[in-house]
Amino acid sequence: MIDVAPLLRGRFGRPLTQVDETETTQTLLGEADPEGAVALTDHQTAGRGRLGRRWQAPPGAALTFSLLLRPPGGAPIQQLSLVAGLAVAEIVEEALDLSAQLKWPNDVMVDRRKVAGILAEAKGGVVVLGIGLNVNQTREQLPPDTPTPAASLRTVDGRERDRSPLLADLLVRLEQHYDAWVADGLDAVFDGIGSRDFLRGRRIRVDGTEGVAGGLDRAGRLLVGGRPVESGEVELV
Ligand code: BTN
C-alpha cells in the first residue's frame, strides 16, 4: 500500500482518496471535487487507456491514480497530456538517471518502450487526468501485446522501488508545470516537451496521413509532413 499522505508538499494530493481496489480511478473523481484532489489505488480491475483500450497492471506494482484539474474556461485542455507527460518524464529521469521521451500525445518512453500513459477526460468543467506509471512490474507482468512495447522502471534498471516518494515528487512536479501552463500556456513548458520529443524525425502514420514527424507546434499539435495534426493514434512506419 502506498503511504503518500505524510510526504505531500503542495496542493495536489489533497484531498486524497485511497482504495485497495477499484474498476478505475477515473470515476472516483468528479465535478464536486476541488482542484488537486487525487484518487489512488493499488489495483484497477478495469483500467482505461486511450481510444477505448485497457490499462493493466498487477496489484501493488504500478502507480495508478487520477488527479482532478479545473482549468480556466476555454483553455486548450488537450495540451494537458503533454504538460503531465513532462512531469512524468522528469520523475522517470530522476529515478533512472536516464533520459525519457514523450511520444505525442500521451506516452512516456524509455529506450523505445512505454513506461507510462496519460488519459485526460473532460467531465463538465473539470478534467480528470489519469496517470499509469509502470514501476515494479517484472517483464512477465507487463502486457505482451500492446501497440507500443511496455517497460517498467524495474525492467529498465532492475531495482524495486517504494512508490510513495515517487508519487509525492510527481505531484509536486505536476503542480509546478500545471500552474505554469495556466499562467503562460504551453510556451511555459514547450522547451521541456520539445527536447524530449520521441517522434521527431521518425516516419509515422497518423489519422491516414503518412510523413516525417517534424516536432510539435506552439499549440502542441504534431506536425506530420509540415501539416498539424490535432489528435490521433501514431504508428511508426
Ligand atoms: C494510455 O496509455 O492509453 C493511458 C493510460 C492511463 C492509465 C491510467 S491508470 C490511472 C487512471 N485510471 C484509468 O483507468 N486509467 C488511468
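Numbering of residues begins at 1 and proceeds along the displayed sequence. Values in this document were obtained by computation on a predicted structure and should not be read as measured data. Read the numbers this way: they start at 1 and go in the same order the structure lists the ligands and their atoms. These numbers come from the heavy atoms of this one structure, side chains and all, not from hydrogens, waters or symmetry mates.
Surrounding CZ of R202 are more than 12 heavy atoms belonging to other residues, nucleotides or ligands, all under 6.0 Å away. The neighbour count for E94 CD, taken as heavy atoms of other residues, nucleotides or ligands under 6.0 Å away, is above 12.
R161 places a side-chain N or O within 3.5 Å of a backbone atom of A95 that can act as its donor or acceptor partner.
Atoms of ligand 1 lying under 4.0 Å from any heavy atom of I131, numbered from 1 in the order shown and given with element: 8 (C), 9 (S), 10 (C). Close approach of ligand 1 to G47 is summarised as follows: ligand atoms under 4.0 Å from at least one heavy atom of the residue are 14 (O). The ligand atoms of ligand 1 that sit less than 4.0 angstrom from a heavy atom of G130 are 8 (C), 11 (C), 16 (C). Counting atoms of ligand 1 from 1 in the listed order, those under 4.0 Å from a heavy atom of N106 are 1 (C), 2 (O), 3 (O), 4 (C). Atoms of ligand 1 lying under 4.0 Å from at least one heavy atom of T24, given by number and element, are 12 (N), 13 (C), 14 (O). With ligand atoms numbered from 1 in the order given, ligand 1 contributes 4 (C) to contacts under 4.0 Å with heavy atoms of I118.
Scanning the protein for heavy atoms near atom 3 (O) of ligand 1, the closest one is R50 N, 2.7 Å. Nearest to atom 15 (N) of ligand 1 among the protein's heavy atoms is R48 O, 2.8 Å. Given atom 5 (C) of ligand 1, the protein heavy atom at minimum distance is W55 CD1, 3.2 Å. The single protein non-hydrogen atom nearest to atom 11 (C) of ligand 1 is T25 OG1, 3.4 Å, given as residue, atom name and distance.
Contacts of L51 with ligand 1, taken as heavy-atom pairs under 4.0 Å, are absent altogether.
By the 4.0 Å N-to-carboxylate-O rule, E210 lies close enough to R205 to be salt-bridged with it.
A donor-acceptor contact under 3.5 angstrom links the side chains of Q26 and S66, judged on distance only. Under 3.5 Å, the side chains of S164 and D162 contain a donor-acceptor pair of N or O atoms.
Residue contacts with ligand 1 include Q44, since one of its heavy atoms falls under 4.0 Å from the ligand. In this structure, K114 counts as a contact residue of ligand 1, since one of its heavy atoms falls inside 4.0 Å of the ligand.
Annotation: side chain of L40 is not in contact with side chain of L28 (no heavy-atom distance under 4.5 Å). Contact check for R9 versus E175: no side-chain heavy atoms found under the 4.5 Å cut-off. Contact of the E21 side chain with the Q44 side chain is not registered, since no non-hydrogen atoms from C-beta on lie closer than 4.5 Å.
Of the N or O atoms in T64, none lie within a sub-3.5 Å distance of an N or O in ligand 1.
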